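One structure is given below, encoded as structure tokens.
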Amino acid sequence: MPPLPAVTFDIQPQLATPIYRQVVEQVQRLVAGGQLGAGDELPSVRAVAERHAINPMTVSKAYSLLEAEGLLERRRGVGMVVAAGVQPARKGQDRIALLEPALLALARHAHQLGITSDQALKALAKALQSTEQDNP
Amino acid sequence: MTAAIEARQLSLQRRDDWSAAHHSVLDRIELSIPEGAVVGLVGRNGAGKSTLIRCLLGLATPDEGESRLLGEPSQALTDSVRERLGYAAQTPDLFPRLNGLEHLQEMAAVYPGVHLPDAVALAARLDLPLARRADALSLGDQQKLAVVLALAHDPDLLLLDEPVASLDPISRRDFMRALFAMRRKAAPRTVLVSSHLLSDLERVVSHVLFLREGRVQLFIEWDEAVEHLRCVPAAEPVAGGLHWSAAQGGQLLVDSRQRPEAAGLAGLGMEDLLEVLNT
């Protein structure tokens with residue numbers, strides 16, 4: 001069996017999004033994008049809490065919500081895995097829906113700064129390009 | 001779920017030596033902190049944070065009202081509850097001639113729950129030299145030792161008064177991890193921790209308790225605060241807000257679940273919230 005991709009969360013406590021929600025949304029995106037597939041293991045509550053120096057209850061809360069959503073399931077002796085039958089979002093549209101909150105925030109910020117649509121789109125393209133270079 | 005910490009009308013006055021006037025240090029504090037909560041106790045200097053912690057522990061006597069820790073009155077705690085409490089005072093209370101390990105051994109002699117190997121491992125994680133006498137430790141290391149001692153017997157309820165003030169950022173991160181470490185029981189530990197280093201608290205707290213001039217201003221789940229508390233401009237105090245601040249032309253702290261029009265506004269960090277609540 002090939003080694004499982006190690007999932008690491010990007011957690012930023014100072015964001016206006018609660019930490020548990022940051023974890024929920026990242027798992028949703030990783031599943032939708034196909035980086036996490038059915039049966040893949042998630043890092044243990046303890047490991048995530050330890051790594052980011054956050055409250056284990058926060059990680060539990062996120063995992064429980066994802067379990068209730070049907071995206072994760074608890075497997076005995078293993079911990080949390082992506083639920084059987086969960087598929088990556090087939091259509092680009094579903095993935096775009098997950099991007100919506102970030103897009104709206106971007107649009108709002110650009111508007112507040114008086115940036116034209118053209119300028120904003122160019123800046124976005126540039127940001128996408130540099131992310132792709134960093135994470136080939 | 002039972003409350004780990006409860007207070008009813010807890011009040012304490014202090015006589016000012018110069019004017020002989022009395023002023024409230026704690027003013028009718030009402031509290032009910034559920035078991036397993038990790039509560040950040042936040043407020044300006046002089047807000048009453050240390051006095052509240054000392055009162056809860058029975059180290060200071062209130063003039064009115066009462067409080068309970070793990071179900072027992074603060075002023076009459078039995079040994080069976082004391083054994084389940086951990087406390088580190090703002091100024092570490094250590095024996096100057098004893099080194100860290102000797103402190104732990106002293107503790108192990110008194111408290112049945114002390115697990116020395118775990119405590120030594122925690123000290124190592126915090127980079128604390130256990131062989132050095134307490135009077136030769138830096139203030140930061142004294143604080144670390146106080147925290148290791150407070151945690152050594154795996155307490156069910158931990159009260160920490162400004163435990164990280166003298167620690168560098170890396171040590172503070174390790175300290176935050178330590179709050180959840182050394183837990184051998186299934187039930188999560190309840191923690192009340194006062195600090196001015198709010199970005200550290202933001203990582204670990206489940207609840208936050210804002211204290212101002214001896215009163216509880218706001219006690220809220222931190223996730224809820226991040227998701228729902230917003231500031232709307234308001235030139236003067238109006239009904240329907242949690243607090244009105246005169247700063248920046250007047251602003252009203254609201255819960256966006258009651259004021260849906262505020263939902264699109266930017267969220268507040270703990271520092272923003274503290275500022276709004278104290279202006």
Side-chain angles (χ1 to χ4, degrees), chain A residues 8-28 43-69 74 76-77 79-80 99-115, chain B residues 34-40 125-126 164 167 169-183 186-191 193 197-208 220-231 256 262-273:
Chain A
T8 30
F9 296 114
D10 173 24
I11 289 172
Q12 308 199 18
Q14 72 282 11
L15 283 187
T17 310
I19 296 173
Y20 84 91
R21 193 145 281 291
Q22 294 182 34
V23 174
V24 166
E25 287 171 2
Q26 280 175 56
V27 172
Q28 287 170 336
S44 72
V45 165
R46 228 185 137 129
V48 177
E50 176 78 12
R51 180 182 173 107
H52 298 280
I54 58 174
N55 192 331
M57 303 261 270
T58 305
V59 186
S60 294
K61 180 174 168 181
Y63 281 7
S64 297
L65 281 169
L66 288 160
E67 191 186 10
E69 225 176 73
R74 228 169 274 269
R76 276 181 80 132
M80 281 292 188
L99 203 57
E100 197 107 341
L103 287 173
L104 286 173
L106 175 78
R108 205 167 50 235
H109 291 178
H111 181 73
Q112 284 165 349
L113 291 165
I115 293 171
Chain B
E35 272 178 17
V38 177
V39 182
R125 269 177 55 166
L126 293 174
V164 294
L167 302 191
I170 305 293
S171 299
R172 284 183 352 233
R173 211 40 90 74
D174 283 332
F175 163 81
M176 295 297 148
R177 294 186 174 102
L179 287 183
F180 307 102
M182 290 185 52
R183 190 67 181 154
R189 176 180 292 142
T190 311
V191 182
V193 50
L197 293 153
L198 305 188
S199 58
D200 291 334
L201 291 185
E202 280 175 340
R203 303 189 89 87
V204 295
V205 297
S206 63
H207 295 70
V208 60
I220 189 170
E221 277 191 41
W222 181 236
D223 286 343
E224 274 188 38
V226 174
E227 280 183 302
H228 302 299
L229 296 190
R230 300 291 182 265
C231 267
S256 65
L265 298 169
L268 303 162
M270 211 180 278
E271 233 170 88
D272 305 324
L273 204 46

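Letters A, B, ... are given to chains in the order of the sequence lines, protein chains preceding strands, and every chain is numbered from 1. Note that the structure is a prediction, hence the values are computed from the model and not measured.
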task = Measure the CZ-CD distance between B/Phe180 and A/Glu50 for me, rounded to the nearest 0.5 Å.
result = 11.0 Å
message = I need the A/Thr58 OG1 to B/Arg203 CZ distance, nearest 0.5 Å.
response = 11.0 Å
inquiry  = Restricting to non-hydrogen atoms, name the atom on A/Pro18 and the atom on B/Asp223 that form the minimum distance, rounded to 0.1 Å.
reply    =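 So the two residues come closest at CB-OD1, 3.5 Å.
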Which atom of B/Val205 lies closest to which atom of A/Asn55, heavy atoms considered = C-ND2, 4.4 Å
request  = Select one option (side chain, backbone, both, neither) describing which atoms of A/Arg21 are under 4.5 Å from chain B's heavy atoms.
outcome  = side chain
query = Less than 4.5 Å apart, any side-chain heavy atom of A/Met57 and any of B/Ser206?
reply = no
task = Keeping the roles fixed (side chain from B/Arg173, backbone from A/His52), state whether a donor-acceptor pair exists under 3.5 Å.
result = no
ask   = Is the count of non-hydrogen atoms from other residues, nucleotides or ligands lying under 6.0 Å from A/Leu113 atom CG greater than 12?
value = yes
query = With a cut-off of 6.0 Å (strictly less than), are more than 12 heavy atoms of other residues, nucleotides or ligands near CD of A/Glu67?
reply =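 Yes, CD of A/Glu67 has more than 12 neighbouring heavy atoms, counting only those of other groups under 6.0 Å.
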